[in-house]
Amino acid sequence: MSIITLFKQNKYFLFLMVALGLLNSLMYSSLLFLINNGVQEEKEIQWLEQNETALFFGVLIFSFLAGRFFQNYLLRFSKEILYDFMLSVLERLRSASLQAFKKLGRQRIYTAINDTRVVADLPRFFVEASNQTVMVICGLVYLFWKAPLAMLLTVGVAGILIAIYWFRNEAIMRDLNVLRDKEDEFYRLLEDLLGGFRELKMSISRNDNLYHHFLKKNRDAVKDLDIDTSIKYLDNNLLAYYGWFLVLGAVIFLLPLYQEIDMAQRTTFVIVILYLMI
């Protein structure tokens with residue numbers, strides 16, 4: 001069973017997840033607007049001045065309930081994907097011919113079963129990516145309304161940082177593919193060790209050869225590549241996180257050198273950026 005088939009069988013859940021996620025994103029955007037309106041001396045919309053407290057807590061409670069409902073259904077859908085896909089792998093495995101089984105190899109079967117957990121994260125990734133996109137669009141539109149030049153500077157700096165992040169991430173993905181191949185090789189070597197344990201005990205030279213020239217060599221290569229890839233991944237995360245502070249600094253300290261920005265615009269900008277960082 002393919003992942004597309006599973007999505008079709010659970011299309012109601014997937015549609016509900018996207019709808020709830022978008023609703024939750026809009027609620028977050030409403031909270032952003034209400035918070036910013038609350039800290040301004042001059043209210044953007046006058047009728048909110050009498051109702052903003054009740055409206056804020058009403059939106060907050062509704063957002064919490066919608067978020068909880070959203071998370072519970074997303075968890076259920078992901079778990080169903082995980083176990084249905086794993087059962088489909090096992091079903092195809094038990095129906096395979098002996099020749100196909102030998103050609104496939106045990107290590108690839110282990111890898112395929114482990115990959116089901118990656119597949120189970122696809123719905124969450126898809127829904128969260130959609131929600132984050134809506135939240136960013138809402139934040140930028142609101143920022144453009146309040147401070148157009150600050151918004152353009154934000155998009156420019158963020159675009160450069162995203163490009164750097166993407167190119168670095170491509171290198172990380174290539175390293176992860178190499179790591180996966182190394183893990184497949186390791187499982188095959190481990191099968192040789194376990195399957196031929198008696199023969200290895202009868203030959204010290206074969207035992208040493210398998211360990212030093214294959215198993216240890218494989219683990220040493222994986223260790224170095226794993227450490228290097230993990231460092232690149234952490235560096236990328238730090239770049240993404242501190243990039244927002246770079247945007248804040250550019251607008252708060254550099255933009256006023258070329259254009260006057262009042263305190264209300266600065267406050268709005270800081271609130272929007274902090275909102276996007278969460």
- Message: Check the orientation of Y241 and F245. Use parallel for under 30°, tilted for 30 to 60°, and perpendicular for over 60°.
- Response: perpendicular
- Test item: V247 and F269 side chains (from C-beta on) under 4.5 Å apart, heavy atoms: yes
- Is L65 reachable from V59 through a run of I, L, V, M, F, W or Y residues, each pair having side-chain heavy atoms under 4.5 Å apart? no
Between side-chain atoms of residues 149-169 and protein atoms elsewhere (two or more places apart, or another chain), which donor-acceptor pairs fall under 3.5 Å?
from, atom 1, to, atom 2, distance (Å)
T154, OG1, A150, O, 2.7
R168, NE, N236, OD1, 2.9

- Query: Under a 4.0 Å N-O cut-off, is there an ion pair linking E183 with R219?
  - Reply: yes
- Query: Under the 4.5 Å side-chain heavy-atom rule for ILVMFWY, direct or indirect, which residues accompany L176?
  - Reply: I172, M173, V178, L179, V222, L225, Y233
- Message: Under 4.5 Å between side-chain heavy atoms, counting indirect links through other Ile/Leu/Val/Met/Phe/Trp/Tyr residues: same cluster for F64 and F62 or not?
- Response: no
- What's the spacing between D220 CG and L215 CG if we round to 0.5 Å? 11.0 Å
- N218 to E185 - nearest heavy-atom pair and separation: ND2-OE1, 3.3 Å
- Query: More than 12 non-hydrogen atoms from neighbouring residues, nucleotides or ligands closer than 6.0 Å to CZ on F56, yes or no?
  - Reply: yes
- Is I227 reachable from L234 through a run of I, L, V, M, F, W or Y residues, each pair having side-chain heavy atoms under 4.5 Å apart? no
